[in-house]
Every structure is written in structure tokens, then in C-alpha cells.
Amino acid sequence: MSDRTAYAKQVLASQSIELPSWAFGNSGTRFKVFAQQGVPRDPYEKIADAAQVHRYTGAAGSVALHIPWDKVDDYARLAAHAADLGVRIGTINSNTFQDDAYMLGSVCHPDAGIRRKATDHLLECVDIMDATGSRDLKLWFADGTNYPGQDAIADRQDRLAEVLAEVYDRLGDDQRLLLEYKLFEPAFYTTDVPDWGTAYAHCLKLGPKAQVVIDTGHHAPGTNIEFIVAILLREGKLGGFDFNSRFYADDDLMVGSADPFQLFRIMHELSLRGVVGPESGIAYMLDQCHNIEPKIPGQIRSVMNVQEATAKALLVDREALEAAQAAGDVLGANAVLMDAYNTDVRPLLEELRAEQGLAADPMAAYAASGYAAQIVADRQGGQAAGWGA
Ligand code: RM4
Ligand code: MN
């Protein structure tokens, strides 16, 4: 085994990809939600399904919650349930986009009373983090405007800064605020945090516990995401990723499905800086929905896609790449990268799984386990989880 292969395996063995609780509930588009049988009815069952993904991949040991979708009476009990199943509760996601009060925005709303309501929700999320032992609060705001003149762009930034400062002050020493940006939708004219620059400016002002999150689906077509990765890493402001695949807008489909090469290019930037593993502090998360495919296998496939892109990035011949770059050998440098990308890393990952006591093929192992049929039989009655439930 070459040194590079051994190094790749060692990093891959420590890689951890956080799963979104909402991936296990029913989801769809604004046209139709196609309900699936056996989906979880509460956060306990969502965590049980997430634990299946970890069981077969060995690389997905934490689950992100979304509040209020995952509201429970006793968060310490939910955390203990996760631990019993071999996983833990990760990032807490806030939700200030589904209440009638938020029609004109939440933290940027012109009415101070609505901003107070939104801020209180964010503070409640930090209380939940205290109970679950979560490190990160992830904030995505649907705030924006639809029409020129509807509201004052700069005033909305002031309101946002004020709320963020209050939430930031509430964070514990080991807690962080991750600010996510998104180009458009649901607002179509201005979005209050539309891009990495806006998120970065707010995080910079807030301090070291505020970091930017890159959701891969939240950019204009053609945006060079790996460039954003490089810049934020350089500035020490890359807090994490919401991985998913987009083709047209915020598609939320399986990461690495439409453009595995983009995922490889992103992982390459991270691998160059040696920040692929959990000790980097970068939260590697999925933010996905499985509208037409079964959810647990959809998550397993997604974790495998991230592992494959990561393995390829780790196999890049760094010395050869640097030598070609230094010599101005454009085609040579590009060839080094493409050699790594074109490597079939599936045997390497199978070997790694064997060493970890896992089945070589997580998809097949899950399919053979009977879990899918079991949850269909068990989860009769009750209200299936979904957006808003
Ligand atoms: C948003 C954003 C957030 C996620 C919600 C469900 O578009 O990506 O990260 O919490 O969707
Ligand atoms: Mn996201």
C-alpha cells in the first residue's frame, strides 16, 4: 500500500458526516409531497433511522435537529436515546420561516415585536444546545423582499446585526453560531443574507464564535464554490457545510449526484489544508430531502458519495501537483488532479470498511437487514413527520 493510500484511509476512518433529521421525514416540492410508508413519527424515530445510516457506513455519528420540527419535552432524554443507538445530537437548526408572523421577515422584520419573537426562538435554540450538548447553532434566514422599495435594504442589515449580536452573547464558551447564506427563495428581489460576503461580514463583526456555512445548493449556477471554500478557510471563517446537490435552484438532492466533480474539487481544497477530519472543527453536514427515493438508503448513498469524493481528493499526488504548478506545467498539473479524480476508490473504501468491521457494500447490507420492512410494519398510526410536523 502506498503512503498516500494509507494516509487516505487514515483520514477517511476519522471522517464524520452529520445527518439532517428532516431527511427522514416526508418531503416534496410545493406541488406535491409523496408520502412514504414507515417514515418516522417523532424525533426519536428519526434518530433511530439516522442510526441505521451510521451502522452501515460508520461515518455518520451525529444527527442535526431542526426546531420546532424536532421539539420534545425532554432533550436530555432525546440525547440519551441517541447515545443508546450509538449516535449523538449535533447541530441545532433554527426555524424562523414557517410562522405566519414572518411574512415580511423574521430577524429583519420592520416590526420590533416580530424581531423579538424571532430572537427569542434563537435563544431557545441555544437553551436546547445546552441540554443536548450541541456545539453549533445553524442559522438560515428566509428574510428578504420581493419588490424594489418594499423595505430599506441597509436598515434590514442593521436589524439583522442587532439580533445576531444578542444571540452571539448568549453562546457558551464552546458553542458557535453558524450563519448560512442563500442567493434567493423564498424572497425573489433581495435576500438579507444572500452570499458568503454578507455572511462573512456579519461573522467577522460578531467574533470568533461566528462562522459561515456553505450550503452547496445556495449559489447561482456556475458559481465556483471551491473558491469560496479557499477564501473562507484562509480567513478562518469556514464553520461548516450543508452538502446537497443542485442542478437548477436549491434542489436539496443527494450530494455528489449531479456533479460529483464539483464535490471532488471542494474536497480537494479542504484536503490541501488538511481539514477533512473532525479535529478541524468544520461541521460536515448533509442538508437534503428525499422526495422520490427511500430516505435511509438515500442518506447512505449520500454519505458514500462524500466518502468517494474525499478519497479521490486525498489521493491527489501533492508533490507532483506542486512540482507541475511551480514549473508552470499547466497540462501536467491538471492531469495530476484528473488522475486522482478518475481513480476508482471503491475498492479502497471496501477495504476500509472491512477493517472497521463493516459490510463492504452499505447499501446492500442495509437492504438485507429487513429494517425497511420492519418500520413499515411497526409505524402504523400516528402522524408521519414532514415539513411543519
Ligand atoms: C433551508 C436551509 C437550511 C435548512 C432548511 C430546511 O433552505 O438550507 O439549512 O435548515 O432549508
Ligand atoms: Mn442548508
Side-chain angles (χ1 to χ4, degrees), residues 17-30 33 43 46 50 62-71 89-99 102 105-108 118 121-122 124-125 128-129 134 136-144 167 176-188 191-196 198-199 203 211-220 223 225 228-229 232 238-256 263 266 282-291 295 298-299 302 306 385-389:
I17 299 144
E18 184 160 302
L19 308 181
S21 71
W22 53 101
F24 300 97
N26 281 323
S27 62
T29 65
R30 61 200 164 106
V33 173
K46 289 183 197 174
S62 65
V63 196
L65 300 186
H66 216 296
I67 309 297
W69 297 339
D70 295 320
K71 221 169 175 149
I89 294 177
T91 304
I92 302 297
N93 289 256
S94 62
N95 183 328
T96 53
F97 49 90
Q98 288 189 308
D99 194 289
Y102 299 141
S106 62
V107 292
C108 302
H121 167 68
L122 304 182
E124 178 202 356
C125 286
I128 293 170
M129 290 162 71
S134 299
D136 295 332
L137 170 67
K138 176 142 61 74
L139 306 176
W140 172 71
F141 299 115
D143 290 51
V167 176
R176 310 188 304 177
L177 172 166
L178 305 182
L179 184 56
E180 183 174 348
Y181 59 90
K182 175 172 165 174
L183 178 61
F184 83 104
E185 196 201 23
F188 296 117
T191 294
D192 293 309
V193 189
D195 52 25
W196 73 267
T198 308
C203 289
Q211 301 259 310
V212 180
V213 171
I214 299 176
D215 183 313
T216 47
H218 289 188
H219 304 85
T223 301
I225 299 178
I228 301 172
V229 171
L232 289 175
L238 180 58
F241 287 91
D242 267 3
F243 278 140
N244 50 46
S245 166
R246 63 72 58 65
F247 205 80
Y248 293 108
D250 186 20
D251 306 346
D252 278 344
L253 301 182
M254 292 189 299
V255 58
L263 183 59
I266 291 172
I282 297 174
Y284 290 95
M285 304 172 276
L286 304 181
D287 177 10
Q288 298 183 174
C289 292
H290 303 287
N291 304 341
K295 294 155 198 317
Q299 289 282 288
S302 303
V306 176
W387 279 43

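Owing to the predicted nature of the structure, the values given are computational and were not obtained by experimental measurement. Indexing begins at 1, ligand by ligand and atom by atom, following the structure's order.
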The N/O/S atom of Glu180 lying closest to the Mn ion (ligand 2) is OE2

Atom name of the N, O or S atom in Asp287 that lies nearest to the Mn ion (ligand 2):
OD2

Any sub-3.5 Å donor-acceptor pair from Asn244's side-chain atoms to Gly217's backbone N or O?
yes

Approximate separation, where rounding is to 0.5 Å, of Ile92 CD1 and Cys125 SG:
7.0 Å

Can you name the N/O/S atom of Asp215 that is nearest the Mn ion (ligand 2)?
OD2

For the Mn ion (ligand 2), give me the closest N/O/S atom belonging to Asp242, just the atom name.
OD2

One thing to verify: whether Lys138 and Asp287 come together as a salt bridge, which I'm taking to mean a side-chain N less than 4.0 angstrom from a carboxylate O.
no

Sorted by chain and residue number, the residues with a non-hydrogen atom under 4.0 Å of ligand 1 are His66, Trp69, Asn93, Lys138, Trp140, Glu180, Lys182, Asp215, His218, Asp242, Asp250, Asp287, Trp387

Looking at Cys108, is its backbone amide N or carbonyl O close enough to the side chain of Asp143 to form a donor-acceptor pair, meaning the two atoms are under 3.5 Å apart?
yes

Spell out, as yes or no, whether a donor-acceptor pair under 3.5 Å connects the side chain of Asn93 to the backbone of Leu65.
yes

Residue of the set Glu18, His66, Arg176 for which side-chain hydrogen bond (donor to acceptor under 3.5 Å, both in side chains) holds with Thr91
Glu18

Measure from the side-chain N and O atoms of Lys295 to the backbone N and O of Gly25, and report whether any donor-acceptor pair falls under 3.5 Å.
yes

Mind checking whether Phe241 and Phe243 have parallel, tilted or perpendicular rings, split at 30° and 60°?
parallel

